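Proteins get letters first, then strands, A, B, ... in listed order; numbering begins at 1 in each. It should be emphasised that the depicted structure is a prediction, and the values quoted were computed from it without experimental measurement.
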Protein chains: 2
Amino acid sequence: MTDTALPRTARERARAEITAEILASARRQMAAEGAAAISLRAVARDLGMVSSAVYRYFPSRDDLLTRLIIEAYDALGDAVDAADASRPREDFVGRWMAVSHAIRDWGLAHPHEWALIYGSPVPGYAAPDDTIGPGTRASVTMTRLLVEALMAGVLPPAEEVPRKVSRSMRSLKAFIPVPVPDSYLVAGLMARTQIFGHVTLELDGQFNATIDDPHAYFDHVARMSARQMGFAG
Amino acid sequence: MTDTALPRTARERARAEITAEILASARRQMAAEGAAAISLRAVARDLGMVSSAVYRYFPSRDDLLTRLIIEAYDALGDAVDAADASRPREDFVGRWMAVSHAIRDWGLAHPHEWALIYGSPVPGYAAPDDTIGPGTRASVTMTRLLVEALMAGVLPPAEEVPRKVSRSMRSLKAFIPVPVPDSYLVAGLMARTQIFGHVTLELDGQFNATIDDPHAYFDHVARMSARQMGFAG
DNA sequence: CAGGAACGAGAGCAGTGCTCTTGACAGCGA
DNA sequence: TCGCTGTCAAGAGCACTGCTCTCGTTCCTG
């Protein structure tokens, strides 16, 4: 979960503490002004040190951003897993609803973090490989939900899917331990796109002048997407 | 379409030309490095003038970005309208497919423009009111398509929608000249979210390791979303 | 043709990420 | 306990940014 073992020497303790303080200050700055506005000099000022000292802890601004991205992915993953665990295993619709609302709630509570991980990347930034692991946590949980519903036999009959589309999902199938009919995979991916796409569009203000009660509307969207996946509802 | 009347004096001609050159240079810079990396000084260097001279044409960097946003919205709107017009009026599925592919194609061709208008805004930037008009063009076209299908009588029977959800769409209904059953509105909004959400996620690389043939997969998604809206297919 | 508006050039301010050097200190082995 | 080694904060400095102000010049118009 956290870093390595407990720090031993005073030096290591201090290093861990200052690292945490830098991250906290950067998070504060991101919450206030957005990820792109994070400034190492402002962090340094905030902590009462000089800008060059920060580079002892993070070799570059991009490394700081990477840490923040990983933490954001993990925070969202934790929220999603907690929501999934809060419902009875066999209540697939309830689990899907809980997961969907957890995703939206987290996004509304952390708009800049959401933009950081799902929005367009910061100027010259390219996400390193460290981020793909935690980045898939929410999707993995949603896929697991679909697979469990399939194994429970509560899904309607599968449908035909064009061969080209079926072949196009070979890489996806390699990640899933049990065989899943193509039409379920498509439905699951589309439901995932519906949820993440909705939150992104809502945070971007695309529903501003059209939807008066976003929570009620999203609740309906989540329920409809569960139904379109074949979950009874 | 373009600016005002044809320029009269030599000064006005020059001003219009230089303004266009500034926009072109900024567009080039955006295509290369992203919108947030647009620098007025680099634009000035590119055009062989001094940085302060650019401020004679755009009072601030944000005004330049606003112009680029409006142009991007309009370019996407043109592409969408052209795609819609390319199919027979009564071929609603074909029109929806053409519009969907036009949106994705434009996004793939102009990823930074897409990020500019649908991604998280640049640091301190807040989109002014000038952008909401062109910003809704694509959505307006998609909604018109739905309304025409409704009036043609090709949609299946409407369904019940929770009262809270129905009431939540009052603002939306104010924009639509004819009464549309609530379930159609929800279906239309969800289809729109599916298309825009898909393109955003695809541009963000969220399908990278899972979907091998994004074009074929998206074509299927567009067809399925048309079906979920009730379009025969 | 004279006045005023528009314009390009340049200097300058405050801010940024990042590098390099300097001197101080902690932690370790001898 | 002494001295070496690696870590650290501090400061100066480079190249860059958006933006402002002033200065002549040039162009358009009354």
Side-chain angles (χ1 to χ4, degrees), chain A residues 3-23 25-26 28-30 32-68 121-126 128, chain B residues 3-23 25-26 28-30 32-68 121-126 128:
Chain A
D3 282 326
T4 56
L6 45 156
R8 308 182 59 82
T9 77
R11 207 174 206 135
E12 282 167 344
R13 291 188 63 92
R15 182 171 187 84
E17 266 182 34
I18 296 181
T19 303
E21 280 175 26
I22 291 175
L23 284 170
S25 174
R28 250 176 282 136
Q29 220 175 118
M30 173 166 56
E33 301 271 2
I38 290 179
S39 146
L40 284 187
R41 293 182 113 108
V43 168
R45 269 196 305 273
D46 190 27
L47 302 186
M49 51 171 145
V50 100
S51 70
S52 57
V54 181
Y55 286 86
R56 297 272 175 200
Y57 300 87
F58 292 93
S60 77
R61 187 172 169 278
D62 281 4
D63 287 80
L64 217 186
L65 284 179
T66 300
R67 274 292 293 268
L68 291 175
V122 186
Y125 181 80
Chain B
D3 283 326
T4 57
L6 45 156
R8 308 180 56 83
T9 76
R11 201 170 211 142
E12 281 168 344
R13 291 188 61 94
R15 182 171 185 86
E17 266 181 34
I18 295 181
T19 302
E21 281 174 25
I22 291 175
L23 285 169
S25 174
R28 251 176 279 134
Q29 221 175 115
M30 172 166 56
E33 301 271 0
I38 291 180
S39 147
L40 283 186
R41 294 183 112 108
V43 168
R45 271 195 304 273
D46 190 27
L47 302 186
M49 51 172 146
V50 99
S51 71
S52 58
V54 181
Y55 286 85
R56 299 278 179 199
Y57 300 87
F58 291 93
S60 77
R61 185 173 171 278
D62 280 5
D63 288 81
L64 217 186
L65 285 178
T66 300
R67 273 293 293 268
L68 292 176
V122 187
Y125 181 81

A/Met49 CE - D/dA10 C1' separation (whole Å): 12 Å
Any donor-acceptor pair under 3.5 Å between the side chain of B/Arg11 and the base of C/dA6? yes
Could one point to a donor on the side chain of B/Ser52 or the base of C/dG10 with an acceptor on the other under 3.5 Å away? yes
Heavy atoms from C-beta onward define the side chain here; which of [options] lies closest to that of [X]?
X	options	value
B/Arg41	D/dT17, C/dG8, C/dG17	D/dT17
A/Ser39	D/dG18, C/dG17, D/dA9	C/dG17
A/Leu40	D/dT22, D/dT29, C/dC18	C/dC18

Hey, does the side chain of [X] come within less than 4.0 Å of [N]'s phosphate (OP1/OP2), counting only N and O?
X	N	value
B/Arg15	C/dA6	no
B/Tyr57	C/dG8	yes
B/Arg56	C/dA6	no

Ranking B/Arg45 and B/Ala10 by the position along DNA chain D of their nearest nucleotide, the one closer to 5' is B/Arg45
Using C1' atoms of five pairs at each end, report the bend of the helix from C/dC1-D/dG30 to C/dA30-D/dT1 rounded to 10 degrees. 10°
Could you walk me through whether A/Arg61 and A/Leu65 pass the side chain to side chain contact (heavy atoms under 4.5 Å, CB included) check? CA-CA 6 Å; A/Arg61 187 172 169 278; A/Leu65 284 179; 3.9 Å; yes
